[in-house]
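Below: one structure, written as structure tokens.
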Number of protein chains: 2
Amino acid sequence: MLTRHQSVDSGAARNQSSTPDHATTALARTHARAPLVEQEWPTSNWRLIADKAHLYSEGDPRTHVYKVMHGALCLYRLLEDGRRQVIDFAFEGDVIGLGSGRQESCSAQALTATQVSGLPMATLMAAAKTNTRIAEGLYEALSREIVVAQEHLMCLGHRGAAERVATFLVILSRRNEARGLACDVVTLQMSRSDIADFLGITIETVSRTLTKLRGQGLIEIEQITTLRLTRMSKLVALAEGRVRV
Amino acid sequence: MLTRHQSVDSGAARNQSSTPDHATTALARTHARAPLVEQEWPTSNWRLIADKAHLYSEGDPRTHVYKVMHGALCLYRLLEDGRRQVIDFAFEGDVIGLGSGRQESCSAQALTATQVSGLPMATLMAAAKTNTRIAEGLYEALSREIVVAQEHLMCLGHRGAAERVATFLVILSRRNEARGLACDVVTLQMSRSDIADFLGITIETVSRTLTKLRGQGLIEIEQITTLRLTRMSKLVALAEGRVRV
DNA sequence: CGACTACTTGACAAGGATCAAAGTTGGTGG
DNA sequence: CCACCAACTTTGATCCTTGTCAAGTAGTCG
């Protein structure tokens with residue numbers, strides 16, 4: 001049962017940064033991550049997933065946990081009528097496939113040619129049994145995943161399109177920041193359709209909303225896939241519902 | 001970082017039922033739960049929470065994990081502008097407060113006078129360190145919580161009011177079933193406002209939708225707080241998006 | 001260069017939100 | 001036991017946002 005890109009670390013050194021564990025803003029902790037316990041991760045077992053190919057699908061036996069070495073993935077679930085809910089995106093360094101269910105709860109599709117490193121579940125679980133710190137790391141990774149899911153819920157629960165799109169941009173920015181990248185420029189590795197299905201709106205609304213945000217000077221659209229977040233504070237205010245469009 | 005009512009069990013005997021781990025329907029596994037490891041749970045440390053009182057609030061230090069002995073709780077988070085997202089409801093037998101963050105990520109408010117039994121986090125974590133089965137149980141409890149959150153996301157992502165309300169009713173029915181209660185009669189321990197904030201719609205829409213479902217013979221409203229789910233199969237079809245209002 | 005795909009924009013309609021009011025329910029005190 | 005009150009729920013009317021359908025534009029790949 002799992003989906004999120006989280007680090008599997010010992011947790012012993014977590015939260016030494018100044019960021020409080022429960023930050024005041026809804027998005028502050030999103031995707032906060034601690035360094036991986038690298039020695040636990042195999043350097044073999046790499047897999048290359050072609051553009052738009054699936055690493056696994058909903059219902060597949062859960063055999064491995066994967067770390068994204070390069071590229072990006074989209075984690076989604078389908079409704080019977082074909083509608084799709086994007087649960088999350090996984091970028092370089094993220095770990096996906098955690099969880100105890102015997103089958104994957106989401107499908108994982110590459111947004112571009114993507115390289116992952118797989119760690120067999122059995123290996124991970126055996127390690128967790130003998131090493132308390134790994135067990136703690138797993139527990140904390142899942143905990144963070146739950147918080148992320150909660151914040152996604154906050155985003156989808158009665159909120160307007162502008163707030164949703166702003167939230168999405170802020171999330172990407174924060175994840176950039178967590179990986180040491182610029183936080184004011186986000187590269188959209190996913191299509192408008194992926195964004196729409198993540199936010200529970202249509203691609204037309206995504207497009208219109210981006211245009212509107214640009215019109216108000218909150219963002220600049222450098223390329224289709226590259227946005228500059230001018231006025232981050234306004235975006236955050238929008239995302240948190242403190243301000244109207 | 002945690003919210004959900006899940007059992008903390010050894011996990012060793014899980015999934016012996018005929019229910020596949022990854023069921024075909026989106027809602028099938030929701031709230032599936034295994035028997036608790038009762039001997040791990042203290043019989044002391046009980047607390048009575050008055051009607052509408054809070055067991056804890058978002059941001060409080062996370063000191064205990066609680067099991068609901070009697071009554072029901074509403075777990076929610078607030079947006080800055082006062083809007084509220086109900087993350088989940090906790091009923092008798094559910095465990096809430098799991099997660100590794102040092103502070104609660106949700107507020108827990110009693111829907112009625114509620115009795116809980118608290119287990120100090122430190123005790124639980126110490127037990128998990130020495131007992132692998134408890135550690136596994138925690139891991140599985142969080143995993144299930146993530147699946148529940150994902151299904152909640154599916155419910156809130158682009159779906160109509162009727163589908164949301166149907167989903168809610170099916171969830172309550174399944175949770176009844178899991179606790180050995182009748183699955184065709186659900187008792188709403190929460191207000192319309194709580195339901196609305198759980199589903200991301202307004203109380204008026206909840207009310208209208210229930211009336212509409214009654215008009216189509218999918219439910220009967222015996223009292224305000226008691227619904228009979230006639231035609232469960234249609235409700236499930238609605239919840240899964242296989243059918244229109 | 002042309003065909004294909006993805007994105008943007010426009011016009012219109014549908015579904016919910018909002019505002020307003022009437023109807024229920026449950027609790028309190030006479 | 002009943003009457004009244006406050007809180008909650010239902011219903012109605014209208015407005016607004018977003019979804020839908022359709023057309024046009026831009027970017028990509030052969």
Side-chain angles (χ1 to χ4, degrees), chain A residues 50-52 74 79 81-85 109 111-113 155-168 187-215 219-227 238 241 244-245, chain B residues 50-52 74 79 81-85 109 111-113 155-168 187-215 219-227 238 241 244-245:
Chain A
D51 187 24
K52 297 192 176 54
C74 171
L79 241 59
D81 64 352
R83 279 174 296 181
R84 185 178 67 139
Q85 178 64 49
Q109 184 178 26
L111 295 173
T112 175
C155 174
L156 297 195
H158 36 194
R159 305 182 65 178
E163 289 165 293
R164 297 191 194 202
V165 173
T167 302
F168 174 69
T187 303
L188 305 178
Q189 306 188 254
M190 67 295 291
S191 70
R192 298 293 192 261
S193 170
D194 295 324
I195 299 173
D197 288 343
F198 180 77
L199 296 176
I201 55 184
T202 59
I203 55 173
E204 292 95 332
T205 301
V206 171
S207 186
R208 273 187 257 271
T209 305
L210 286 174
T211 304
K212 194 196 284 184
L213 293 179
R214 182 184 54 186
I219 64 173
E220 282 166 19
I221 304 179
E222 310 205 329
Q223 301 168 53
I224 281 186
T225 57
T226 309
L227 308 181
L238 234 188
R244 286 263 141 219
V245 199
Chain B
D51 186 25
K52 295 192 176 55
C74 172
L79 241 60
D81 64 353
R83 280 174 297 181
R84 185 178 68 140
Q85 178 65 48
Q109 184 178 26
L111 295 174
T112 175
C155 175
L156 297 194
H158 35 196
R159 304 183 66 179
E163 291 165 292
R164 298 192 193 201
V165 173
T167 302
F168 174 68
T187 302
L188 306 178
Q189 306 187 254
M190 66 295 291
S191 70
R192 298 293 191 262
S193 170
D194 294 324
I195 299 172
D197 288 344
F198 180 76
L199 295 176
I201 54 184
T202 60
I203 53 172
E204 292 96 329
T205 301
V206 171
S207 186
R208 272 188 257 272
T209 304
L210 286 174
T211 303
K212 193 196 285 183
L213 293 180
R214 182 183 55 185
I219 64 173
E220 282 166 18
I221 304 179
E222 311 205 328
Q223 302 168 54
I224 281 187
T225 56
T226 309
L227 308 182
L238 233 189
R244 285 262 142 220
V245 199

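Order of the sequence lines fixes the chain letters, A, B, ..., with proteins taken first and strands second; residue numbering starts at 1 for each chain. These numbers come from the heavy atoms of this one structure, side chains and all, not from hydrogens, waters or symmetry mates.
Within 4.0 Å of Q223(B), counting heavy atoms only, lies no atom of the nucleic acid at all. As judged by a 4.0 angstrom heavy-atom cut-off over every strand, I201(A) is placed among residues touching the sugar-phosphate backbone only.
To the nearest angstrom, C1' of dT9(D) lies 7 Å from CZ of R192(B). Spacing between atom CG of D51(A) and atom P of dT28(D) amounts to 14 Å, rounded to whole angstrom units. The separation between L210(B) atom CG and dG16(C) atom P is 13 Å, rounded to whole Å. Summarising the geometry, the separation between CG on L199(B) and P on dG15(C) is reported as 18 Å, rounded to the nearest angstrom. Atom-to-atom, NZ of K212(B) to P of dT11(D) comes out at 13 Å; the value is rounded to the nearest Å. When rounded to the nearest whole Å, the span between CZ of R164(B) and C1' of dG16(C) equals 10 Å. Atoms NZ (K52(A)) and P (dT28(D)) sit 13 Å apart, rounded to a whole Å. Here the P atom of nucleotide dA7(D) and the CG atom of D194(B) are 17 Å apart, to the nearest Å.
Using a 4.0 Å cut-off, no side-chain N or O of T211(B) falls inside it from OP1 or OP2 of dT10(D).
Positionally, the nearest nucleotide of DNA chain C for R214(A) lies more toward the 5' end than for the other of H158(A) and R214(A). Comparing R244(B) and T205(B) by the nucleotide of DNA chain D whose heavy atom lies nearest to each, the residue mapping closer to the 5' end is T205(B).
Among dT9(C), dT11(D), dT25(C), the nucleotide with an atom closest to any side-chain atom of S207(B) is dT11(D). When the nucleotides dA20(C), dT9(D), dT18(D) are ranked by their closest atom to the side chain of E204(B), dA20(C) comes out on top. Here the nucleotide nearest the side chain of T202(A), chosen from dT20(D), dT18(D), dC7(C), is dT20(D).
Side-chain atoms of R192(B) do not come within 3.5 Å of backbone N or O of E204(B) as any donor-acceptor pair. With hydrogens and angles disregarded, a donor-acceptor distance shorter than 3.5 Å links the side chain of Q85(B) to the backbone of F198(B).
Remark: the R208(B) side chain and the dG15(C) base include no donor-acceptor N/O pair separated by less than 3.5 Å.
In this structure, the side chains of T225(B) and Q189(B) stay at 4.5 Å or more apart for every pair of heavy atoms. Between T187(A) and Q223(A), every side-chain heavy-atom pair lies at or beyond the 4.5 Å cut-off.
For D81(B) against G241(A), the heavy-atom pair with the smallest separation is CB-O, 3.2 Å.
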